[in-house]
Amino acid sequence: MHHQLSLSTMGCGTWAWGNRLLWGYDESMDSQLQAVFDLCVSHGVTLFDTGDSYGTGRLNGRSEQLLGRFSKEYVGSNKNDICIATKLAAYPWRLTRKSIVSACQSSAQRLGRNVDLVQMHWSTANYAPWQEGKLLDGLADLYQQGLVKGVGLSNYGPKRLQWVYKRFAERGVPIATLQVQYSLLSTYPVTQLGLKEICDGLGIKLIAYSPLALGLLTGKYSEKGPFPKGIRGLLFRQLLPSIHPLLACLREIAEVRNKTISQVAINWCMSKGTIPIPGAKSVEQARENIGALGWYLDAGEVAQLDRMAESSGKKMVQNIFQTN
């Protein structure tokens, strides 16, 4: 007997929770992150996406630990709808179906509860196709043993997705979700590869990660700077000058709608039938993300944004693991 997976219209990504390198995490942020968690759940944002590789260095697994603690301590509405989705890394040393089952058990231990949705973090098709079958068998085992409510994939393209779909169907294991990088600056997997139609046909929900393109689509950064530290800063310097028209279009719609640029960018993902999972490190950010709910861009606005997205000169860097 499988319990239904309940997925909210929007989720919250927790990549930053424990990540020093890219996001400058430190332990003093934990109470703020707990407030983020509480605010999200109370507003019906109950899907939290994490990964067993999240957290840098000795903080590895930190994101899962925090989520486990927050969901246990949470009192308030929608508590029963909390859905924790983790992604298991296809590390080179994970070679057997057992290794995936025990990886999920380690995640469950850090969470102090079962994982609701277990996802393959990426496909090894691009560099070690022989490794993948066993890992996927392990994923299906988790579902068949009732250790998870649903199984999903991340960074898979149509060819590889259909291959997994067949493989799972033979065992009666449905694919619940597919997670790809998707935003106005990263339409490639969905548009060029035609993923949305394929997922609709197979009954798979699309989850959009990086819907704000690491913060480029918040409208909070200008070409003149200041830029975020590290890798993000380099990317922003490179991309901001060429996304001017897109940001102008977002700003115009935001003003008409009395919303923020971020809210319009996130809402665009939802009007495309995906579940965006913007990250949030502060209560302000969480509140802003939540403001993308409860209203919809109209067809004209969506078409206008689509055009801008198509003509935008530079695009977001694609995930190296994204397959065809």
Test of understanding: with ring-ring contact (aromatic ring centres under 6.0 Å, His included), list the residues that count as partners of Trp130, not counting sequence neighbours. none

So, Lys98 and Asp141, do they make that salt bridge, N to O below 4.0 Å? no

For a 4.5 angstrom cut-off between non-hydrogen side-chain atoms, does Glu73 reach Gln34? yes

Check whether any side-chain heavy atom of Ile207 lies under 4.5 Å from a side-chain heavy atom of Leu178, and answer yes or no. no

Taking the side chain as everything from C-beta on, heavy atoms only, tell me whether Gln263 gets closer than 4.5 Å to Asn289. no

Presence of salt bridge, Arg62 and Asp30, under 4.0 angstrom: yes

Can you get from Val164 to Leu95 by hopping between Ile, Leu, Val, Met, Phe, Trp and Tyr side chains that sit under 4.5 Å apart? no

Any His43 side-chain heavy atom under 4.5 Å of Arg287 side chain: no

Does the distance from a Lys or Arg side-chain N to an Asp or Glu carboxylate O, for Lys205 and Asp200, drop under 4.0 Å? no

Which heavy atom of Leu88 sits nearest to which heavy atom of Ser107, and what is that distance? CD2-OG, 3.8 Å

What one should report as the nearest heavy-atom pair of Ser222 and Leu240 is O-CD1, 3.6 Å

Tell me if a side-chain donor or acceptor on Gln131 pairs with a main-chain N or O of Arg94 at a distance below 3.5 Å. yes

Under a 3.5 Å distance rule, please check whether Asp116 uses its side chain to pair with a backbone N or O of Ala85 as donor and acceptor. no

Would a line drawn from the ring center of Trp268 to the ring center of Tyr182 be shorter than 6.0 Å? yes

Return yes if a side-chain donor-acceptor contact under 3.5 Å exists between Ser282 and Gln32, otherwise no. no

pair Cys249-Leu305: side-chain heavy atoms closer than 4.5 Å: yes

Look at the side chain of Thr124 and the backbone N and O of Ala128, then say whether any donor-acceptor pair between them is shorter than 3.5 Å. yes

Just how far is it from atom NE2 of His121 to atom CG of Leu135, taken to the nearest 0.5 Å? 13.5 Å

More than 12 non-hydrogen atoms from neighbouring residues, nucleotides or ligands closer than 6.0 Å to CD on Glu223, yes or no? yes

Without hydrogens or angle criteria, can the side chains of Ser63 and Thr50 be said to hold a donor-acceptor pair below 3.5 Å? yes

Give a yes or no on whether the backbone of Leu184 and the side-chain of Thr187 come within a donor-acceptor separation of less than 3.5 Å. no

Is any side-chain heavy atom of Ile175 closer than 4.5 Å to a side-chain heavy atom of Leu202? no

Validation row, ring centre Tyr221 to ring centre Phe236 under 6.0 Å: yes

Could you give the distance from CH2 (Trp15) to NZ (Lys87), rounded to the nearest 0.5 Å? 10.0 Å

Does Ser8 reach the main-chain N or O of Val45 with its side chain, forming a donor-acceptor pair under 3.5 Å? no

Rounded to the nearest 0.5 Å, what separation is found between the CG atom of Leu47 and the SG atom of Cys83? 5.0 Å

Could you give me the CA-CA distance, side-chain angles and deciding distance for Val115 and Leu147, then say whether side chain to side chain contact (heavy atoms under 4.5 Å, CB included) is met? CA-CA 7 Å; Val115 172; Leu147 293 170; over 6 Å; no

Taking every non-hydrogen atom, the tightest pair across Ala286 and Cys40: CB-SG, 4.3 Å

Check for a donor-acceptor pair, side chain of Arg160 on one end and backbone N or O of Ser123 on the other, with a separation under 3.5 Å. no

State which residue, out of Thr274, Asp49, Asn155, fulfils the side-chain hydrogen bond (donor to acceptor under 3.5 Å, both in side chains) condition with Tyr209. Asn155

So, do Asp38 and Ser42 sit near enough that their side-chain heavy atoms are less than 4.5 Å apart? no

Can Val118 be reached from Tyr91 by stepping across I, L, V, M, F, W or Y side chains whose heavy atoms are under 4.5 Å apart? no

I'd like to know whether Gln179 forms a side chain to side chain contact (heavy atoms under 4.5 Å, CB included) with Ile277, so could you lay out the CA-CA distance, the side-chain angles of the two residues, the decisive distance to 0.1 Å, and finally the verdict. CA-CA 10 Å; Gln179 181 176 146; Ile277 49 168; 3.7 Å; yes

Nearest-0.5 Å distance that lies between atom CE in Met270 and atom OG1 in Thr9: 7.0 Å

Under the side chain to side chain contact (heavy atoms under 4.5 Å, CB included) rule, what do Ile261 and Ile253 come out as? Steps first, then yes or no, please. CA-CA 8 Å; Ile261 292 178; Ile253 294 173; over 6 Å; no

Considering residues at least two apart in sequence or located in another chain, which fulfil the salt bridge (Lys or Arg N to Asp or Glu O under 4.0 Å) criterion with Arg237? none

Determine whether a donor-acceptor pair (N or O, by modelled atom type, separation under 3.5 Å) exists between the side chain of Glu301 and the backbone of Asp298. yes

Check: Tyr74 side chain, Ser77 main-chain N or O, donor-acceptor pair, under 3.5 Å: yes

How long is the span from the CG atom in Leu67 to the CD1 atom in Ile84, to the nearest 0.5 Å? 5.0 Å

So which heavy atom on Gly44 is nearest to which on Asn78, and how close? N-ND2, 3.4 Å

Answer yes or no: is there a donor N or O on one side and an acceptor on the other, between the side chain of Arg232 and the main chain of Leu214, under 3.5 Å? yes

Take Glu288 and Lys220 through the test salt bridge (charged side-chain N to carboxylate O under 4.0 Å, His left out) and record every step on the way to the result. CA-CA 13 Å; Glu288 183 156 351; Lys220 287 168 192 164; 3.0 Å; yes

Any side-chain donor near an acceptor of the partner, Gln119 and Thr86, under 3.5 Å: no

List the atom of Pro278, the atom of Gly11, and the distance in Å for their closest heavy-atom pair. CD-O, 3.5 Å

Please tell me if the side chains of Leu185 and Leu217 come closer than 4.5 Å, counting only heavy atoms from C-beta onward. yes

Give a yes or no on whether Lys272 atom NZ has more than 12 heavy-atom contacts from other residues, nucleotides or ligands under 6.0 Å away. yes

Return yes if a side-chain donor-acceptor contact under 3.5 Å exists between Ser186 and Gln181, otherwise no. yes

Heavy-atom nearest pair, Ala140 first then Phe168, reads CB-CE1, 4.0 Å

Report yes or no: do Leu234 and Leu239 belong to one cluster of Ile/Leu/Val/Met/Phe/Trp/Tyr joined by side chain heavy-atom distances under 4.5 Å? no

So Val173 and Gln144, side chain to side chain contact (heavy atoms under 4.5 Å, CB included) or not? Walk me through it. CA-CA 7 Å; Val173 175; Gln144 288 193 318; 3.8 Å; yes

Roughly how far apart are Leu66 CG and Glu64 CD, rounded to 0.5 Å? 10.5 Å

Is a side-chain donor or acceptor of Asn267 paired with a backbone partner of Ala292 at a separation under 3.5 angstrom? yes

